[in-house]
Structures are given as C-alpha cells and as structure tokens.
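Reminder, nothing fancy here: chain letters follow the sequence lines and each chain counts from 1.
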Amino acid sequence: MKLLLIEDENSLAASVATYLSGAGIQCETAATYAEAEDKTALHDYDCILLDLSLPGGDGLRLLEAIRQTGDAANIIILTARDGLDDRIRGLNLGADDYLTKPFHLAELLARIHAVVRRKQFDGSRNILIFNELSINLPARTAAVHGQPLDLTRSEFDLLLFLTGNRRRVVSKSAIAEHLSGDLADLLDNHDFVYAHIKNLKKKLARAGCDDYIKTVYGLGYQWQV
Amino acid sequence: MAGMRKLSDITLFRFAGLALLMIAVSLPLAYQATWHIYLDEVDEALLKKTAGFIEKHCARFTADDIVAWNDYLPDMQIARAMPGDTIARWSDEMVFDSIGKEQEPYRILRTPLPGLVDGQYMLITRSSVLETEDLVLALMLLYGTLAGLLLLGWLLLTRRVNKRLWRPFYDTLAKIRRFNLEHGEIPSFPPTQVLEFQQLNAATTQLAESNLRSWNQQKEFFENASHELQTPLAVMRAQLDLLAQDESLTEAQSRCIDTLTQSFGRLARLNRNLLLLSKIDNGLYADMKETDLAENLRRQLDFLQPLAETSNISLKINSSESVSVLANTMLLDTLLSNLLTNALRHTAPGGTVEVTLATGKMDIANSGVGPLDTERLFRRFAPGRRAEQGSGLGLAIAQRAAAASGWTLAYRWENGRHIFECRF
C-alpha cells in the first residue's frame, strides 16, 4: 500500500513512517502545503494522512483541492483541534475519517485499514484469515474452523485491533483508548484491558483456536500470526 | 430586604410628611392671623361707630333721648360712667342673647362721653364676634380642604411622573440582572433624557464589554493552551509506541516504558477532559434529539461488564422499558460513562453497581463505605477520595454535562449505598 503523510512535525512524521513501514505500508511524507500539492498532483496514493494545521495553508483547503481533482484516495484527517465543527466540515469536504492528536500508532494503523477496506468491494479482501481463524469484516463476525464465535462488540473490535496491528506490540493504553472510543476519562488500567483480553482468549481457545495473542511483559499484547 | 423602599416612595413620603407638617403648623397660625385681622376690623368698626356717635349726636342729646336710644340700640348703650372710667377701655365678654337664649361672645368698647348731658356717661359699643368666629372657622376649613386636595393631587401626579422617570433605570436594572457572560450579549440601552441614567447605562455597557472581553480571552487562552499541548503529546506518544516495538528491551526497560505509557495516558486524558469541560461550558454540544436512554445504558454496561467481572462487581440495570429523553448524544454518553466508571472505580470487590430507570429520573447506585462530602464532590480536582486512574474531573464533567442538557444531578447516601440521581 502506498501512503502519503502530510505532517509538518518531523519527529512525528518519522515515527509514523517507521511504524507503518513495519506493517508493509510504503510511506511518503510532505511537510508543507506546497509539497503536499505537488505530491498529490504527481502520484496516486492508496491513503493520505492529512494534518490540518499545515504551514502554508489551511489543511481543509488542500482536502477540498484533492477531492476536486477527482482523486478518490482515502483521506484521514489528523489534527490537534477536536472541534465538532472541524470534524463535520472535514467529513463533509470528503475526508473518510478523523483522528485527533495525540493518537496511538496502533490506532492509526487500525483506522487506515478500516478506511481502505471500506472502499473495497472485492470479496476476498473482506475476509481475513489467520490459519483456523477467519474474520468476516462486513458482517463483523469471526469463526474458528468454520464455527462462528459469539463475540461481543468490544471483543470483536479488540480482535480486529490486534490483528490489524499484527506482529506489533500494542500497548494496553492503546487498547483501552481504542475500545472506549470518544468517551473521555475512561479506565486505562491493567484490569480493564486484561479483562477484555482474557475473555477474548477464552472464547478463542474454547472454539479450538491456537493462542495467537502474546502477552508482552510490561508493555501490552501482540498478535503473532 | 426589610426596611428598604423605593427611592421615589421615600422622597414622596418625606415631602408629604413635610407638607402635612407645614399645613398642620400653618393652620392654627392662619387661624390666629385671620382672627386678629377680623378683630382689628371689628375694633375699627367699633371705633368708627363711637367716633361717629360722638361727632353726630353727643351735643344734641337729652336725658330722655338716652332711654329711647338704649331701647332701640342694644349694641350701643349709654350708661353711667364708673369712677375711674376716664379713658376708653376694650374688653371681651360673654353676653346673654335673648334671641338665641345663650351666652355669646362680644367685643366691647367703653368710651367716656364728657360732652354728653352732664358728662357722667359712657358709651358702650359692642359687636358680636360669633359670626366672625364661624366665618373664620369656615375659612380655615376651606383652607385645610384646599391644601389637602392640593397635596393629594401633587402626590398622585408625582407618583405617575416618577414611574415614568424611573422606567429607564428599572429597565437597566433588569438588563444587568439578565447579563450572562456565557451568552456573551452586551445589553443595549435605549437613550434617556436623564443625565444620571445615561451615565449609568454608559458605565454598565463598558463594564459588560470589558468583562466579556476578558472572559473570551481567557477562554481562548485556555483552549489554545490545551490545543498546543496536543502536538508535543502526539510526538511523545508516537515515540513511546515505537520504543515498545523494540525486541531487545530488558524487563526493567519494559516496565519503565509501561509506566511512561500509563502516565502519559493520564496526561493525555486530563488534557482532553479539560478541553471537554471547556467545550461543554461553551455550549458546543447543543443539538438535542430523542434518545432511548435504556439503549445507551445497555451499550455502556456491555462495555464495562468485563471490568466489573474481574473485580467481582455486579453491574446491572433495573428497568427493561425504554425511557426516551431529549438529549445531545455526546453529552449523554459523557454523563453516563463518567457516572458509571466513577461508580465502578469506587466500589469494593464483591459490591454492586445498579442503575434504576424511571420516567423522569435515573439512579446510579453503588455499594460503599460511608457518605461522601457533597460540598466537594462535584468540584474539579477536589482532593480526597480519588482513585489513581481518575483525573479528578469525572464528576465535574458529569455535572456540567447534566447541567448543559438541562438536567439535575444530585448525590445522596442511603442504606449503605452512594446514589447519584439524575432528573430530566
């Protein structure tokens, strides 16, 4: 997958690029409005990450410009401003998703996957297979050896999150924030995440699935397949 | 507000008092003055009569004339002079009136008549002052009535004029009362002819404007500060996430990163919460729509269920009907999640958290140890019972969210349980 990251904060851009390349995503960067304009004109990207507070121009204008050229790339807006207005405007102007800073890299990757998949109607891409486990994305169901699993909404989200960031260490903090969504001040502690992980593992094991969720000591969890 | 009265009433009252006092004092004075004026007139008339008699009749009088004169003229009697009556003498006496059959007051002038007959007579001219008395009394009554009517009329007129005069003041007062920094509207005052009120209006407008300006500046500063924080926070978080990917980390290093990440999470959440509070206070979440409260609750409870289970806390709803409320989704979710997580956080293992729904209200109860201090309960960052993970803002946010939705949130301690009641 080819991705363009439009972000003026260099260290942040570098971190994101490193993480994404580890997941097999080829990442290009643009640090100014002008640079971003050039790159989007020259290439087609599968996904564009757009920081709204760009120097040299308003990110929303760039968004508008990109859409007006008929470019159908998936666009995720990144911004420090969490105004409802900004969010609505961004989505109205054609953004596919909106992520506020600070975000977990794992969360970003999960959103990229979600956004890219949404526009794919190719059936084969919508079912993830990890050995005996299959995950049906549009239906939001999972099955082991063909037998469907009874997962709660949170458990399914957790499974998707882990598999989306496979072979990466996902911190408990990232999991907690992913599961609690927009709700502020939620519990970010071992117990909460541990409880959900435990339940998920139990259900997978009961259905005969191997344990692919590794506990990384002191840090979090990792989907190993 | 005992003892406080309207200014116009006070001045009216004082002036009316003064006027009444003046009337009360002047009435007897006027009476006395009028009386004396009349008496002077009476005396002058008596003198004229006496002088006229002396001039016209004194020389021609005979002793026989005296008897006839006295018969026909009771008010001008000729009598023998007493020894010592050498000069004219005034007196006021009561005389029996044969017609009225009672004693009546008279003014009497006794004048010696040396030129009459043998010079041993005096003239007693007298005038009844009864009529005069009645007349004066009547005049005083008239005066009193007129004065009273004038005063009354003046009072009523002044009252009306005052009402109109003071209207701009009361208008200004009402506008000042209604002024609300959060609504951000500068009151506008209609022009007035009264100098003091004009000055008052101008000063009030200036005060409101400068208050509003400083309020907005503070809000902006606060929001900008929070937003500025987001970028370095973002950099830090990304670095930490990357660091965690390193496979060569030792146990100690992992623990360190974990602590950093946790702490960091709190920091990020705190910042987000502060922003949320400021947005709620700015009225950002104003759109309301009909929502099924039970549905939202169930969703949240499902989500929190695993956590409740690990601490062996029973978490449930006590109602299966759907309760519909008019609410902003974001505010409702915020309110519910903050109350529920607060309840969970402060319930000992083995305890219960129970939500009871009824029309118009919702109770969230959790088992506890002892009543909480209601004074500080909803304050931001109030010290006291605060679990480590909390940012100290949870209940403050819940309360602001409730208030912004037009609901009330109250706490009570009952039967060994903390109960937060929310009324719609």
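- Side-chain contact between A/Glu177 and B/Arg272 is present, with heavy atoms from C-beta onward closer than 4.5 Å.
- Summarising the local packing, CZ of A/Arg153 is surrounded by 12 or fewer heavy atoms from other residues, nucleotides or ligands at distances under 6.0 Å.
- Annotation: side-chain contact (heavy atoms from CB on, under 4.5 Å) contacts of A/Glu37 (sequence neighbours excluded): A/Tyr33, A/Leu62.
- Comparing A/Ala13, A/Ser171, A/Pro102 by heavy-atom pairs within less than 4.5 Å of chain B, the highest count is held by A/Pro102.
- Most heavy-atom pairs under 4.5 Å with chain A: of the set B/Leu242, B/Leu229, B/Ile257, this distinction falls to B/Leu242.
- The heavy-atom pair separating B/Ala244 from A/Val169 by the smallest distance is O-CG2, 3.6 Å.
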* Apply side-chain contact (heavy atoms from CB on, under 4.5 Å) to the pair B/Thr231 and A/Leu12, showing each step before the final yes or no. => CA-CA 9 Å; B/Thr231 306; A/Leu12 184 59; 5.8 Å; no
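- Nearest approach of A/Ala106 to B/Asp241, heavy atoms of both residues: N-OD2, 4.3 Å.
- Judged by distance alone, with hydrogens and angles left aside, the side-chain atoms of B/Gln245 form no donor-acceptor pair with the main-chain N or O of A/Arg168 at under 3.5 Å.
- Within 6.0 Å of CD on B/Glu185 lie no more than 12 heavy atoms contributed by other residues, nucleotides or ligands.
- Minimum heavy-atom separation, B/Arg237 to A/Phe103: CD-O, 3.2 Å.
- Within the structure, every pair that satisfies the side chain to side chain donor-acceptor pair (under 3.5 Å) test and touches residues 2-12 of chain A, not counting sequence neighbours, is listed here: A/Glu7-A/Lys101.
- Here A/Thr18 contributes atom OG1 and B/Gln239 contributes atom CD; the two are 8.5 Å apart, rounded to the nearest 0.5 Å.
- Considering all non-hydrogen atoms of both residues, A/Ser15 and B/Ala238 come closest at CB-CB, 3.7 Å.
- Contact of the A/Lys172 side chain with the B/Asp258 side chain is registered, since non-hydrogen atoms from C-beta on lie closer than 4.5 Å.
- Top candidate by heavy-atom pairs under 4.5 Å with chain B, chosen from A/Asn199, A/Leu108, A/Leu105, is A/Leu105.
- Across A/Arg167, A/His104, A/His196, the residue that shares the most heavy-atom pairs under 4.5 angstrom with chain B is A/His104.
- Atom CZ of B/Arg266 and atom OG of A/Ser173 lie 12.5 Å apart (nearest 0.5 Å).
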* **Trace of the side-chain contact (heavy atoms from CB on, under 4.5 Å) decision for A/Thr152 with B/Asp302** => CA-CA 8 Å; A/Thr152 66; B/Asp302 280 345; over 6 Å; no
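- When heavy atoms are compared at a cutoff of 4.5 Å, B/Leu249 approaches chain A solely by way of its side chain, counted from C-beta outward.
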